[in-house]
Peer 1: 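One structure is given below, represented as structure tokens, and several questions about it will come after.
Since the structure is predicted, the reported quantities are computational estimates derived from the model, not experimental observations.
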Amino acid sequence: MSETIVILNAVGIQRALTRIAHEIAERNEVSGDIVLVGIQRGGVPLAQRLAKSLASIVNLTIPAGSLDVSMHRDDLDQRAAPQIYPTEIPFDVTGKTVVLVDDVLFSGRTIRAAMDMLNDFGRPQRIQLAVLVDRGHRELPIKADFVGKNQPTTLKEKIHVRLGEPSHEDEVVLERK
């Protein structure tokens, strides 16, 4: 029997994204050099929302793209055939501050794969990481620069981020088995 607990509702998600946008603006003085890249799937809508929030803060258009790291993961041989989503980075990342955006930070392996793949598109000045939820359990030395919510979990628990789903309001839920 599973139990689910809402840890962020729609208002909480928006509040966390607004705070992250302000933190990105404060940490990066040259706002014109910032680009956002959402990691498929959950990071893409978050990157798009962050780009809008950040644009209203710095009064500039903030480019946002998407990156699918499925084929760059180090556990590819342990998974069923991955579903591939589009990678769209319609801007040059060379010399830019690239903020990678993901929904949940767990082991760090997805972020490592994203950084590896990002180098195929150029050489950023710096890479920063923004996540909506950090649940702990890192296997690699990766730490988010911007976190919406720290939610310690057990290995048996799961975090589900639901954004723009027809049957659900925007929310983040913790599932306990």
Side-chain angles (χ1 to χ4, degrees), residues 7-8 13 16-17 19-28 33-51 53-54 62-80 82-155 157-163 172-175:
I7 58 172
L8 282 174
I13 291 170
L17 292 175
R19 181 174 37 79
I20 290 170
H22 280 279
E23 290 174 1
I24 291 170
E26 289 172 10
R27 189 164 308 167
N28 298 285
D33 288 342
I34 299 172
V35 296
L36 302 179
V37 176
I39 298 173
Q40 287 284 13
R41 292 180 333 173
V44 174
L46 293 172
Q48 293 165 347
R49 291 180 188 193
L50 271 175
S53 292
L54 191 54
I62 304 297
S66 64
L67 191 64
D68 184 348
V69 301
S70 299
M71 300 307 290
H72 281 74
R73 291 187 55 95
D74 61 2
D75 61 355
L76 191 58
D77 62 337
Q78 300 170 12
R79 293 173 169 249
Q83 186 170 358
I84 307 298
Y85 294 91
T87 290
E88 296 174 357
I89 302 181
F91 44 82
D92 187 8
V93 301
T94 301
K96 302 288 186 183
T97 295
V98 176
V99 181
L100 286 174
V101 181
D102 206 2
D103 53 355
V104 179
L105 178 57
F106 182 43
S107 68
R109 294 186 178 280
T110 298
I111 305 307
R112 187 219 39 91
M115 290 189 295
D116 286 350
M117 189 172 176
L118 195 57
N119 286 324
D120 294 343
F121 292 90
R123 187 175 188 273
Q125 175 69 35
R126 76 178 53 86
I127 299 173
Q128 297 173 339
L129 176 59
V131 298
L132 184 58
V133 179
D134 183 345
R135 63 174 286 197
H137 304 286
R138 222 68 80 238
E139 296 173 4
L140 300 172
I142 290 176
K143 182 177 186 281
D145 299 283
F146 312 103
V147 178
K149 181 167 183 64
N150 284 295
Q151 181 66 48
T153 63
T154 67
L155 289 173
E157 294 173 326
K158 294 186 186 275
I159 300 279
H160 300 284
V161 178
R162 299 177 178 140
L163 297 174
V172 178
V173 296
L174 171 67
E175 179 184 354

Peer 1: To the nearest 0.5 Å, tell me how far Asp33 CG sits from Lys96 NZ.
Peer 2: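 Rounded to the nearest 0.5 Å, the CG-NZ separation comes out at 5.0 Å.
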Peer 1: How long is the span from the CD1 atom in Ile20 to the CG atom in Leu132, to the nearest 0.5 Å?
Peer 2: 6.0 Å
Peer 1: Search all heavy atoms of Gly108 against all heavy atoms of Leu140 and return the closest pair with its distance.
Peer 2: O-CD1, 3.8 Å
Peer 1: Grab the two heavy atoms, one from Phe91 and one from Ala64, that are nearest each other, plus how far apart they are.
Peer 2: CE2-C, 3.7 Å
Peer 1: As an exercise, state the distance from CG of Leu100 to CG of Leu105, rounded to the nearest 0.5 Å.
Peer 2: 11.0 Å
Peer 1: Sort and list the pairs that fulfil salt bridge (charged side-chain N to carboxylate O under 4.0 Å, His left out) and have at least one residue in residues 126-139, not counting sequence neighbours.
Peer 2: Arg109-Glu139, Asp134-Arg138
Peer 1: Look up atom OG1 in Thr154 and atom NE2 in His137, then write down how far apart they are to the nearest 0.5 Å.
Peer 2: 6.0 Å
Peer 1: Let's go through Phe146 and Arg27 carefully: what are the C-alpha distance in whole Å and the side-chain angles of both, what is the deciding distance for side-chain contact (heavy atoms from CB on, under 4.5 Å) to 0.1 Å, and is it a yes or a no?
Peer 2: CA-CA 10 Å; Phe146 312 103; Arg27 189 164 308 167; 3.8 Å; yes
Peer 1: Find the distance between CE (Met71) and OG1 (Thr87) and round it off to the nearest 0.5 Å.
Peer 2: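 Between atom CE of Met71 and atom OG1 of Thr87 there are 11.5 Å.
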Peer 1: Glu175: which residues meet the side-chain hydrogen bond (donor to acceptor under 3.5 Å, both in side chains) condition with it, sequence neighbours left out?
Peer 2: Ser2, His160
Peer 1: What I'd like to find out is whether the side chain of Leu8 reaches to under 4.5 Å of the side chain of Gln151, using heavy atoms alone.
Peer 2: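 The answer is no, as the side chains (C-beta and beyond) never meet within the 4.5 Å cut-off.
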Peer 1: Please find the pair of heavy atoms, one from Leu50 and one from Ala130, that lie closest to each other, and give the distance.
Peer 2: CD1-CB, 4.4 Å
Peer 1: So, for Ser70 and Gln83, which heavy atoms are closest and what is the spacing to 0.1 Å?
Peer 2: OG-O, 3.6 Å
Peer 1: Side chains of Ile13 and Leu163, heavy atoms from C-beta outward: is any pair under 4.5 Å?
Peer 2: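 In short, these two side chains touch, coming nearer than 4.5 Å.
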Peer 1: Which heavy atom of Val69 sits nearest a heavy atom of Ala114, and at what distance?
Peer 2: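 Heavy atoms only, the tightest pair is CG1-CA, 3.5 Å.
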Peer 1: Quick one: do Val35 and Ile89 satisfy side-chain contact (heavy atoms from CB on, under 4.5 Å)? Show the steps, please.
Peer 2: CA-CA 10 Å; Val35 296; Ile89 302 181; over 6 Å; no
Peer 1: Indicate yes or no: at least one non-hydrogen side-chain atom of Ile39 is less than 4.5 angstrom from one of Tyr85.
Peer 2: no
Peer 1: Quick one: are Phe121 and Val98 in side-chain contact, heavy atoms under 4.5 Å?
Peer 2: no
Peer 1: Could you check whether any side-chain heavy atom of Met115 comes within less than 4.5 Å of a side-chain heavy atom of Ile127, counting everything from C-beta outward?
Peer 2: yes
Peer 1: Does Ser66 use its side chain to pair, donor to acceptor, with the backbone of Gln40 at less than 3.5 Å?
Peer 2: no
Peer 1: Compare every heavy atom of Val37 with every heavy atom of Ala47, then report the nearest pair and how far apart it is.
Peer 2: CB-C, 4.4 Å
Peer 1: Do side-chain atoms of Arg19 reach the backbone of Val147 as a donor and acceptor pair under 3.5 angstrom?
Peer 2: yes
Peer 1: Run the numbers on Lys149 and Ile7 for side-chain contact (heavy atoms from CB on, under 4.5 Å), then give the verdict.
Peer 2: CA-CA 9 Å; Lys149 181 167 183 64; Ile7 58 172; 4.1 Å; yes
Peer 1: Check Asn28, Ile62, Val99 against Leu54 for a side-chain contact (heavy atoms from CB on, under 4.5 Å) and give me the one that passes.
Peer 2: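 For Leu54, the side-chain contact (heavy atoms from CB on, under 4.5 Å) check succeeds only for Ile62.
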Peer 1: Return the set of residues passing side-chain hydrogen bond (donor to acceptor under 3.5 Å, both in side chains) with Asn119 (not counting sequence neighbours), or none when no residue passes.
Peer 2: none
Peer 1: State the CG-CD1 distance between Asp103 and Ile159, to the nearest 0.5 angstrom.
Peer 2: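 One finds 10.0 Å between CG of Asp103 and CD1 of Ile159.
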Peer 1: Does Thr97 use its side chain to pair, donor to acceptor, with the backbone of Ile34 at less than 3.5 Å?
Peer 2: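 Between the backbone of Ile34 and the side chain of Thr97 there is no qualifying donor-acceptor contact (under 3.5 Å).
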